[in-house]
Each structure stands twice: as structure tokens, then as C-alpha cells.
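Take a look at the structure set out below.
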Number of protein chains: 2
Amino acid sequence: MNVPPKNPSETNREYAFRVISENIISLDIEPGSMIGEQEIATVLGLSRTPVHEALLELSKSKIVDILPQKGCLVSMIDSDLIREARFLRITVETALVEDACELATEADLQELEENLQLQEFYLNKDPLKLMPLDNNFHKIIYRICNKMQCHYMVSLMSMHFDRVRNLSLHSVKDLKIVSDHRAIYNAIKEKDPVAARAAFQKHMARFELDWNIICQEYKQYISDGSK
Amino acid sequence: MNVPPKNPSETNREYAFRVISENIISLDIEPGSMIGEQEIATVLGLSRTPVHEALLELSKSKIVDILPQKGCLVSMIDSDLIREARFLRITVETALVEDACELATEADLQELEENLQLQEFYLNKDPLKLMPLDNNFHKIIYRICNKMQCHYMVSLMSMHFDRVRNLSLHSVKDLKIVSDHRAIYNAIKEKDPVAARAAFQKHMARFELDWNIICQEYKQYISDGSK
DNA sequence: GATTCCTAACTAGTATACAAGTTCTTTTTC
DNA sequence: GAAAAAGAACTTGTATACTAGTTAGGAATC
């Protein structure tokens with residue numbers, strides 16, 4: 001388990017939530033493994049209370065499953081939950097990119113452009129930096145549409161999805177993702193909701209291609225009835 | 001504050017969450033009022049711990065705002081959050097009713113039909129029973145589409161929306177809501193996604209009509225910049 | 001009288017202690 | 001030796017105690 005330092009501005013509970021989340025998404029904590037509150041509390045140098053509260057929040061998105069008096073099970077990769085997370089993101093964000101065509105100000109477009117510049121910069125240099133930039137690109141679109149609470153809800157569920165994104169191979173795919181973002185940006189800039197919708201759906205469809213490969217490769221992490 | 005008995009199958013935390021939620025949605029706890037953990041714990045006959053955890057979960061949907069070392073503020077009715085909740089419901093459930101046309105089995109249709117019978121039965125007898133039936137009608141559609149996790153996320157945000165639904169007057173409106181549900185059901189039964197989509201959007205549009213009236217009537221509960 | 005400062009009474013965040021349930025090992029029993 | 005019973009060693013749920021920060025009121029000061 002990877003333990004970054006505590007940010008002084010965050011509470012112990014927020015710190016515990018952040019560290020556990022990151023380790024689950026990065027697969028440093030293996031799907032299907034059991035984690036104990038005491039064990040994590042000791043590693044983080046905290047008492048059980050903030051760790052308990054962090055796990056409680058994580059259990060709401062079913063990324064962990066608290067088994068009373070037994071322990072806390074980190075969920076296996078579950079195709080049904082990934083399907084739900086993907087459905088939610090596609091449905092919500094498709095509507096958002098359309099709205100963004102109307103709502104985006106010059107400053108908003110500049111923020112997106114700046115994010116895209118960084119994506120293109122890191123594309124060949126340090127692809128690991130792409131995922132946070134990708135996440136932020138989508139987050140900016142929520143902010144443009146004043147839907148930050150929706151963003152929080154969608155993010156929570158997206159953890160299932162993010163964990164698999166980490167398994168996908170980089171290289172060619174990264175190139176396409178960045179150019180997808182560029183296409184979405186152009187459509188918003190041109191205030192063309194039809195093009196924005198099309199570009200976004202093309203973007204999200206890329207994931208489907210990888211799913212079968214990932215299923216083969218990492219089947220020890222994938223729960224039962226996933227095809 | 002209205003305190004129903006504790007269901008033996010629920011934990012103290014779940015009990016606290018249920019009671020606080022219900023009292024906020026029913027407006028028995030007034031928007032804008034402060035509530036203390038100790039105060040609620042005493043009323044419910046619990047310690048602060050489960051109440052604290054319940055409030056923590058409620059704060060995630062911004063229905064309460066925890067002010068550290070000060071207290072817990074029950075949020076004012078906030079038009080921005082209602083707009084988000086409505087956006088999320090409309091966006092997600094519009095997609096769902098389309099999918100339901102394909103996915104609904106005979107047993108599913110029967111469950112919807114049964115719910116509709118009850119709605120029509122209580123329409124003139126006991127309109128207060130309509131809201132749980134309404135909620136359940138929508139929940140069944142999530143279940144048909146295997147999107148229960150989405151349902152949980154949408155429900156959490158819908159609390160903002162539900163609190164206002166409680167303010168809307170009954171009578172004529174109830175009649176229309178029940179017939180809307182019937183129309184959605186018929187479209188799903190006929191496997192007609194276009195009709196389902198149209199019926200659902202007409203259904204959700206009814207709310208807009210009430211908003212201005214409610215704003216006038218209950219402005220003491222409504223936060224700042226709501227028009 | 002108005003202002004400043006200090007103290008006492010609040011609050012939520014967190015640590016610790018205990019209760020209750022699960023699991024696995026050991027001991028007893030046949 | 002096999003099976004059943006007992007108990008020790010875990011787990012999370014919850015109560016309690018303490019910490020630290022906020023607020024309000026009264027005393028001291030000008």
C-alpha cells in the first residue's frame with residue numbers, strides 16, 4: 001500500500017478516504033482482498049474512527065463491501081457495476097457536452113484548451129500523467145454546466161470504471177483519447193451540440209474494445225458471471 | 001421531529017439516517033435550522049457515533065452542511081441543487097425508460113401494473129400514499145434495467161427535489177401524475193421507446209409549473225439567488 | 001457607555017474502550 | 001481418529017472520553 005503524506009488542510013477522515021481510494025484504483029490493494037480498519041489505521045498513523053468513516057463512504061459506491069464483524073472486502077472487478085458506471089457517465093456527460101455548447105464562456109474554453117495542451121505535451125513524454133488530465137477535462141465540462149454535485153455522484157461510481165482504465169494498455173490508445181478530447185473541445189467551441197454529442201459518444205465507445213482483452217488478462221480479479 | 005420506532009433489522013446508523021432523512025424531506029426539520037449530533041442522539045436514544053455517521057452521509061448530498069466545531073446546518077431549499085437533481089433524474093431516467101422497452105419481462109410489467117393499480121386506488125382516497133408509490137414506480141424501472149446503483153446515487157441527490165415535491169399541492173396534479181405513469185407503462189408494454197421517452201419527459205415537465213408558485217409561497221425556506 | 005478581553009459553555013473530530021458477532025484452533029468426548 | 005464443543009483471537013458497531021476550535025456573555029478597561 002502506497003502512503004502519500006497527509007495534506008495539512010484535510011481532516012484525518014478525508015486523508016484516509018483519499019489514500020484508500022487511490023490504492024484501490026491503482027490496484028495496489030488487490031481486488032478481492034480483505035482489509036481491516038485497524039490495519040489501515042496503523043499504516044496511516046490514525047485511530048480506527050476516521051478509517052471507519054472513510055470505508056463507510058467507500059462502501060456506498062460498492063467499491064468495498066463491509067462485512068460486519070468480519071472485515072472489509074475490496075470488491076472484485078464487477079462487470080455489472082462497470083456497466084452501470086459507464087451508462088451513468090455516457091448518459092450524463094452526453095447531455096452535458098450539448099449544454100456546454102451554449103454555456104461555455106471564453107474563459108471556460110481557455111481552461112479546456114490549457115488542459116488539452118498539457119495532454120498533448122505529456123502524450124509522448126509521460127503517459128501516466130494523462131489520466132488525471134483526462135479526469136480534469138471531464139470535470140471542467142461539469143463545472144461549465146454548473147453540475148458539480150452530479151460530478152461528485154458520477155465520480156463515486158466511476159471508481160469501478162477507473163480501476164479498469166488503469167489496466168488498459170497505453171500507447172496507441174492514448175493518442176486517440178487525446179484527439180477525441182480535441183474533437184469534443186472543437187465542437188463546444190463551435191457551439192455545435194450535434195458534433196459534440198457524436199464526438200463524446202465516439203470517445204466513450206473506445207472502452208468497449210478493451211474489455212474482452214482485459215477480461216482474459218486479469219481474470220483473477222474479475223468476479224463470477226462476467227462474460 | 002418525528003421519531004418512528006427502530007426496525008430491528010437495521011443498525012443504529014441506518015436508523016439514524018432514515019429518521020433524519022425523513023424529517024428533512026417532510027420538512028419536520030426546517031430548512032436553515034441547526035441540528036446538533038448530541039441533540040439528535042438523545043432524541044433517538046443513541047450515542048453520537050451512529051448519528052455522526054448518518055449526518056456525514058447526508059452531507060455528501062449537500063442536504064446538510066457540517067460546520068466543524070459549530071454544528072450541522074440543514075440546507076435551505078437551493079434552486080441550483082434542485083436543478084441538478086432534476087437534470088440527473090431526467091437525463092438518467094429518460095435513457096432508462098427507453099431501455100426498459102427492450103428489457104421488461106412479463107413479470108416486470110406485472111409489477112408495474114400492480115403499482116399503478118394502487119396509485120389509482122389511493123388517488124382519491126389517500127393522496128399522501130402516492131409519493132412512496134411514485135418513488136417505487138421509478139425504482140422498478142431502475143431494477144428492470146439493472147441499474148440499482150444508479151438508483152442509489154440519483155436518490156441521494158433527489159432529496160433536494162423530494163423536499164419541494166412535498167410542498168406542491170395535491171388534487172389536480174396527482175391525477176395527471178398517475179395518468180403520466182400509466183402512459184409510461186403503456187409505452188414500455190408496447191415496446192415503443194419513442195413514446196416512452198416522450199411520456200417521461202412530459203411527466204417530468206409538470207414540476208416546472210409549480211416552481212414559481214412554491215418560490216412565492218415558501219420563500220423563507222429558499223436560499224438567496226433563486227429566481 | 002462602548003470596547004476589548006477573557007472565560008465558560010457549547011460544537012464536531014478523533015482516540016480509546018467495550019460489546020457483540022465471526023472464525024479458527026484447541027480440547028474434549030465418544 | 002473423528003466429531004463436537006469450548007474458547008481464544010480476531011472483526012466491526014457503538015458508547016464514552018478527550019481534543020481543539022467556535023461562540024456568547026460578562027468583567028475589566030478606557
Side-chain angles (χ1 to χ4, degrees), chain A residues 1 3-21 23-24 29-76, chain B residues 1 3-21 23-24 29-76:
Chain A
M1 184 156 153
V3 181
K6 178 170 178 288
N7 182 329
S9 71
E10 64 193 349
T11 64
N12 289 350
R13 165 173 18 105
E14 290 163 342
Y15 175 57
F17 181 83
R18 180 168 65 87
V19 175
I20 301 168
S21 299
N23 278 279
I24 290 177
I29 299 179
E30 284 194 24
S33 62
M34 292 287 275
I35 54 181
E37 294 180 355
Q38 188 55 254
E39 167 197 354
I40 292 177
T42 305
V43 172
L44 299 188
L46 306 171
S47 79
R48 267 183 60 215
T49 304
V51 174
H52 176 71
E53 290 170 353
L55 288 172
L56 216 51
E57 184 177 350
L58 285 167
S59 75
K60 297 301 170 185
S61 62
K62 291 224 176 78
I63 197 72
V64 303
D65 190 8
I66 298 175
L67 309 171
Q69 276 74 42
K70 285 169 75 175
C72 185
L73 177 68
V74 177
S75 75
M76 296 284 267
Chain B
M1 185 155 152
V3 181
K6 178 169 180 286
N7 181 329
S9 71
E10 66 193 346
T11 64
N12 290 350
R13 170 180 4 111
E14 289 163 343
Y15 174 57
F17 181 83
R18 180 168 65 86
V19 176
I20 300 168
S21 299
N23 278 279
I24 289 176
I29 299 178
E30 284 195 23
S33 62
M34 291 287 277
I35 53 181
E37 294 179 355
Q38 187 56 255
E39 168 197 353
I40 292 178
T42 305
V43 172
L44 299 188
L46 305 171
S47 79
R48 269 183 58 217
T49 305
V51 174
H52 176 71
E53 290 170 353
L55 287 173
L56 216 52
E57 184 177 350
L58 285 167
S59 74
K60 295 301 171 186
S61 61
K62 292 223 175 78
I63 197 73
V64 303
D65 188 9
I66 297 175
L67 310 171
Q69 276 75 42
K70 283 168 76 175
C72 186
L73 177 69
V74 178
S75 74
M76 297 284 268

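Throughout, protein chains are lettered first and strands after them, A, B, ... in sequence-line order, and every chain is numbered starting at 1.
Rounded to an integer number of Å, the gap from A/Glu10 CD to C/dA12 P is 22 Å. Between the P atom of C/dA20 and the CD1 atom of A/Ile66 lies a distance of 21 Å, rounded to the nearest Å. Computed from coordinates, the B/Glu14 CD to D/dT14 C1' distance equals 14 Å when rounded to whole Å. Between A/Met34 atom CE and D/dA9 atom P there is a gap of 20 Å when expressed in whole angstrom units. Look at CD on A/Gln38: it is 11 Å from P on C/dA15, rounded to the nearest Å. Spacing between atom CG of A/Leu73 and atom P of D/dT11 amounts to 15 Å, rounded to whole angstrom units. If you take CD of A/Glu37 and P of C/dT14, they are 15 Å apart, rounded to a whole angstrom.
The minimum heavy-atom distance linking A/Tyr15 with A/Glu10 is given by the pair CD1-OE2, 3.2 Å. For the residue pair B/Val51 and B/Ala41, the shortest heavy atom distance occurs at CG2-CA, 3.7 Å. A/Arg18 and A/Asn7 make their closest contact through NH2-N, 3.9 Å (heavy atoms, listed as atom of the first residue, atom of the second, distance). The nearest pair of heavy atoms linking A/Val64 to A/Ile24 is CG1-CD1, 3.6 Å. B/Arg13 and B/Ala54 get closest at one heavy-atom pair: O-CB, 4.0 Å.
Residues from residues 43-55 of chain B with heavy atoms under 4.0 angstrom of DNA chain C, sorted by number: B/Arg48, B/His52.
Atoms CD1 and CG, from A/Ile40 and A/Asn23 in turn, are 8.5 Å apart once rounded to the nearest 0.5 Å. Taking NZ of A/Lys6 as the start and CG of A/Asn12 as the end, the distance is 5.0 Å to the nearest 0.5 Å. Rounding to the nearest 0.5 Å places OG of A/Ser75 at 4.0 Å from CD1 of A/Ile63.
Checked against C/dG13, D/dT14, D/dT22, the side chain of B/Lys70 finds its nearest nucleotide in D/dT22.
Overall, the helix from C/dG1-D/dC30 to C/dC30-D/dG1 carries an axis bend of 30° between its ends, with five pairs at each end and the value rounded to 10°.
The side chain to side chain donor-acceptor pair (under 3.5 Å) test with A/Arg48 singles out one residue from A/Gln38, A/Glu39, A/Glu37, and that residue is A/Glu37.
For C/dT11, the base has no donor-acceptor partner in the side chain of B/Gln69 [N/O atoms by modelled type, under 3.5 angstrom].
Contact annotation: B/Asn12 reaches the phosphate of D/dT14 (side-chain N/O to OP1 or OP2, under 4.0 Å).
A/Ile35 comes within 4.0 angstrom of sugar-phosphate atoms only, judged by non-hydrogen atoms across all strands, and of no base.
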